[in-house]
Amino acid sequence: MKKILLALFLTIPLLAANLQLKSGSVAAHTEMLMDSTIDPLNNSLNADITMDGSDVTTLRGKFWVDMNLFKSDKSDRDKNMYKEVESDIFKLATYTISSIAKAEGENSYTISGVLDFHGKEKPLIAKAQIVSVDGKLTINASSMILMSDFGIKMPCMAFLCVRNQVDLLVKADLLQ
């Protein structure tokens with residue numbers, strides 16, 4: 001009996017399948033009072049994600065981006081952003097999924113995890129639409145961070161400051 005239980009226990013990790021990232025992006029949005037919106041985009045999302053069978057709530061793993069690959073409509077502003085987030089020191093931002101729970105609404109979920117950004121780890125919850133069709137899993141998740149929570153002071157010019165809040169939108173297409 002012990003051998004059967006041990007064999008079953010050892011095969012549990014084999015049920016989780018690695019998903020392959022087909023494409024993904026992270027869009028950030030903030031604003032400067034009385035100026036304009038700031039919308040850098042990173043189309044180089046990376047992932048190491050597993051899922052048990054077709055149960056979306058068993059998604060586990062992590063997503064990460066190279067901070068030097070965020071681009072907006074102004075390259076000078078991008079250079080200032082890289083400086084403020086110290087992207088030469090803290091090259092990656094990583095999100096590790098802790099759990100996923102079904103939320104109210106079709107294909108709606110709440111993703112809980114930890115964001116490792118600028119050398120600090122903080123819990124982060126995202127609202128997501130997750131759809132699985134014909135072997136393709138699509139995740140559209142949104143959340144918000146305060147840069148000050150990660151030790152980053154947003155730049156100011158005279159009395160005009162960049163907003164501390166950054167809205168995040170993550171899109172990922174994975175193959176099962």
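Predicted model only: the values in this text are computed from it and were never measured.
- For the pair Phe63/Val26, no side-chain contact is recorded, criterion being any heavy-atom separation below 4.5 Å from C-beta on.
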Working for side chain to side chain contact (heavy atoms under 4.5 Å, CB included), residues Glu121 and Leu115: CA-CA 6 Å; Glu121 291 185 356; Leu115 178 62; over 6 Å; no

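- Across every non-hydrogen atom of Thr57 and Tyr109, the tightest pair is CG2-CE2, 4.1 Å.
- No more than 12 heavy atoms of other residues, nucleotides or ligands shown are found within 6.0 angstrom of NZ on Lys83.
- Lys127 contributes atom NZ, which lies 8.0 Å from atom OG1 of Thr110 (distance to the nearest 0.5 angstrom).
- Between the CG atom in Leu69 and the OG atom in Ser87 there is a gap of 9.5 Å [rounded to 0.5 Å].
- Atom CG in Asn80 sits 11.5 Å away from atom NZ in Lys74 (nearest 0.5 Å).
- For Asp66 against Leu92, the heavy-atom pair with the smallest separation is CA-CD2, 3.9 Å.
- Remark: Gln20 CD is loosely packed, at most 12 non-hydrogen atoms of other residues, nucleotides or ligands lying under 6.0 Å away.
- Looking at Arg60, its side chain does come within 3.5 Å of a backbone N or O of Ser98 through a donor-acceptor pair.
- Contact between Ser108 and Lys102 at its shortest, heavy atoms only, is O-NZ, 3.3 Å.
- Cluster annotation: Val131 is not connected to Leu59 through the hydrophobic network of ILVMFWY side chains, with a link wherever side-chain heavy atoms come within less than 4.5 Å.
- Both Leu19 and Ile97 are assigned to one and the same hydrophobic cluster, defined by single-linkage of ILVMFWY side chains at heavy-atom distances under 4.5 Å.
- A donor-acceptor pair is defined here as one N or O able to donate and one able to accept, closer than 3.5 Å; such a pair exists between the side chain of Thr58 and the backbone of Asp52.
- Although no hydrogens or angles enter the test, the distance criterion places no donor-acceptor pair under 3.5 Å between the side chain of Asp116 and the main chain of Val114.
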Side chain to side chain donor-acceptor pair (under 3.5 Å) between Gln165 and Thr30, worked out: CA-CA 6 Å; Gln165 178 180 319; Thr30 193; over 6 Å; no

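- Asp173 and Thr138 are linked by a side-chain donor-acceptor pair at a separation below 3.5 angstrom, with hydrogens and angles left out of the test.
- Lys171 NZ to Ser23 OG: the interatomic distance, rounded to the nearest 0.5 Å, is 10.0 Å.
- How far CG of Leu137 is from CE of Met51: 5.0 Å, rounded to the nearest 0.5 Å.
- Residues Ile38 and Pro40 form a side-chain contact, since some pair of their non-hydrogen atoms from C-beta on lies under 4.5 Å apart.
- Under the 4.5 Å side-chain heavy-atom criterion for Ile, Leu, Val, Met, Phe, Trp and Tyr, Leu168 and Val162 are members of the same hydrophobic cluster.
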Thr96 vs Thr94, side chain to side chain contact (heavy atoms under 4.5 Å, CB included): CA-CA, chis, key distance, verdict: CA-CA 6 Å; Thr96 303; Thr94 304; 4.1 Å; yes

Result block: side-chain N/O donor-acceptor pairs under 3.5 angstrom for residues 143-159, not counting sequence neighbours:
residue	atom	partner	partner atom	Å
Ser143	OG	Ile125	O	2.7
Ser148	OG	Asn164	ND2	2.9

Step-by-step side chain to side chain contact (heavy atoms under 4.5 Å, CB included) determination, Trp64 to Asp48: CA-CA 9 Å; Trp64 67 94; Asp48 182 12; 4.0 Å; yes

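- Under a 4.5 Å side-chain heavy-atom criterion applied to ILVMFWY residues, the cluster that includes Phe90 comprises Ile89 as well.
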Working for side chain to side chain contact (heavy atoms under 4.5 Å, CB included), residues Gln176 and Leu174: CA-CA 7 Å; Gln176 297 172 315; Leu174 300 139; over 6 Å; no

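- No donor-acceptor distance shorter than 3.5 angstrom exists from the side chain of Asn68 to the backbone of Lys91, with no hydrogens or angles considered.
- A continuous path of Ile, Leu, Val, Met, Phe, Trp and Tyr side chains, each step under 4.5 Å between heavy atoms, connects Val56 with Leu21, placing both in one hydrophobic cluster.
- The two atoms that bring Ser25 and Leu41 nearest to each other are CB-CD1, 4.1 Å, heavy atoms only.
- Tyr82 places a side-chain N or O within 3.5 Å of a backbone atom of Phe70 that can act as its donor or acceptor partner.
- Judged purely by atom type and a 3.5 angstrom limit, Tyr95 uses its side chain to pair as donor or acceptor with the backbone of Leu124.
- Taking CE of Met67 as the reference point, atom CG of Asn42 lies at 8.0 Å (rounded to 0.5 Å).
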